[in-house]
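Because the structure is predicted, anything quoted here is derived from the model rather than measured.
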Amino acid sequence: MSDSPQPLSHGMIIDALNARRFAHFVDDDGDIGGNWQGCLIYFFRLGKDEEVLQVRTLTRTVFSTDDVPRLYAFCNAWNHDRLWPKAYVHTADDGVVRVVGEVVGDWERGVIPEQLDQVMICGIATGCELADAVAEL
């Protein structure tokens with residue numbers, strides 16, 4: 001693997017998933033995602049130059065708007081006790097509520113494949129841990 005930082009790219013994300021033989025897809029919008037333990041996990045490139053990677057986990061358990069106060073309490077406790085993933089409550093336009101987790105890496109000056117792999121694995125593993133904890137609610 002290269003020791004020289006490279007700009008974060010779509011291809012680097014795909015290569016990291018392929019290197020681990022992880023099943024994944026690219027949707028109609030060009031977003032990269034996969035399913036781990038029933039969780040839909042996306043790998044978004046954000047920022048002015050798409051130099052920020054956001055590993056976003058959509059937990060599998062759905063809730064109603066009546067559950068929002070206890071989900072806020074859960075997310076606050078989770079974020080207090082853990083570094084990853086950052087957890088928050090998301091309410092969709094159809095009223096479905098779920099907890100979402102995210103791990104972010106910012107590589108304005110470039111990234112080497114090992115760094116990218118580490119953040120992606122962190123996002124996947126801790127996202128699945130979050131989903132398991134949410135399922136227990």
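- Val100 is not connected to Leu71 by any chain of hydrophobic side-chain contacts under 4.5 Å among Ile, Leu, Val, Met, Phe, Trp and Tyr, and they are in different clusters.
- When hydrophobic clusters are built by joining Ile, Leu, Val, Met, Phe, Trp and Tyr residues whose side-chain heavy atoms come closer than 4.5 Å, directly or via intermediates, Phe74 is not grouped with Trp84.
- Under the side-chain contact (heavy atoms from CB on, under 4.5 Å) criterion, Gln115 pairs with Trp107, Val111, Ile112, not counting sequence neighbours.
- The line from CG of Leu83 to CH2 of Trp78 is 11.0 Å long, rounded to the nearest 0.5 Å.
- Pairing each heavy atom of Gly95 with each of Thr65, the nearest pair is O-CG2, 4.0 Å.
- Here the closest non-hydrogen pair linking Gly127 and Thr57 is CA-OG1, 3.4 Å.
- With values rounded to the nearest 0.5 angstrom, Ile14 atom CD1 is found 4.0 Å from Ile32 atom CD1.
- Side-chain heavy-atom separations under 4.5 angstrom define the hydrophobic clusters, and the remaining members of the one that includes Val62 are Val96.
- When all heavy atoms of Thr126 and Val103 are compared, the pair lying nearest together is OG1-CG2, 3.8 Å.
- For His90, the NE2 atom counts as loosely surrounded, since its 6.0 Å shell holds 12 or fewer non-hydrogen atoms of other residues, nucleotides or ligands.
- Linking ILVMFWY residues whenever their side-chain heavy atoms come closer than 4.5 Å, directly or via other members, leaves Tyr72 and Leu58 in distinct clusters.
- Contact annotation: the side chain of Phe44 never approaches that of Ile13 to less than 4.5 Å [non-hydrogen atoms, C-beta and beyond].
- Among residues at least two apart or in separate chains, salt bridge (charged side-chain N to carboxylate O under 4.0 Å, His left out) pairs with a member in residues 59-85 are Arg60-Asp132, Asp67-Arg70.
- Note on residues 4-23: pairs passing salt bridge (charged side-chain N to carboxylate O under 4.0 Å, His left out), not counting sequence neighbours, are Arg20-Asp117.
- Within the structure, salt bridge (charged side-chain N to carboxylate O under 4.0 Å, His left out) contacts touching residues 91-109 (residues at least two apart or in different chains) are Lys86-Glu102.
- Here side-chain hydrogen bond (donor to acceptor under 3.5 Å, both in side chains) pairs that include residues 24-53, with residues two or more places apart or in two chains, are Arg45-Glu50.
- Residues Leu46 and Val104 fail the side-chain proximity criterion, which asks for heavy atoms closer than 4.5 Å.
- Across all their heavy atoms, Gly110 and Pro5 have their closest contact at C-CB, 3.7 Å.
- Residues forming a side-chain contact (heavy atoms from CB on, under 4.5 Å) with Ser9 (at least two apart in sequence, or on another chain): Met12.
- No single ILVMFWY cluster, assembled from side-chain heavy atoms under 4.5 Å apart, contains both Met120 and Leu40.
- Criterion: ILVMFWY side-chain heavy atoms under 4.5 Å apart, direct or through other members. Under it, Val99 and Ile41 are not part of a common hydrophobic cluster.
- The two residues Val55 and Gly123 come nearest to each other via the heavy atoms CG1-CA, 3.7 Å.
- Side-chain contact between Val119 and Phe43: absent, with no pair of heavy atoms (C-beta onward) separated by less than 4.5 Å.
- Phe22 is listed as a side-chain neighbour of Ile124, based on a closest heavy-atom distance under 4.5 Å.
- The two atoms that bring Val89 and Cys75 nearest to each other are CG2-SG, 3.9 Å, heavy atoms only.
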| message | Using the rule given for side-chain contact (heavy atoms from CB on, under 4.5 Å), can you reason through Leu137 versus Thr61, listing the C-alpha separation, both sets of side-chain angles and the distance that settles it, and then say yes or no? | response | CA-CA 9 Å; Leu137 295 174; Thr61 308; over 6 Å; no
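- Partners of Arg56 according to the salt bridge (charged side-chain N to carboxylate O under 4.0 Å, His left out) rule, which considers only residues two or more places apart in sequence or in another chain, do not exist here.
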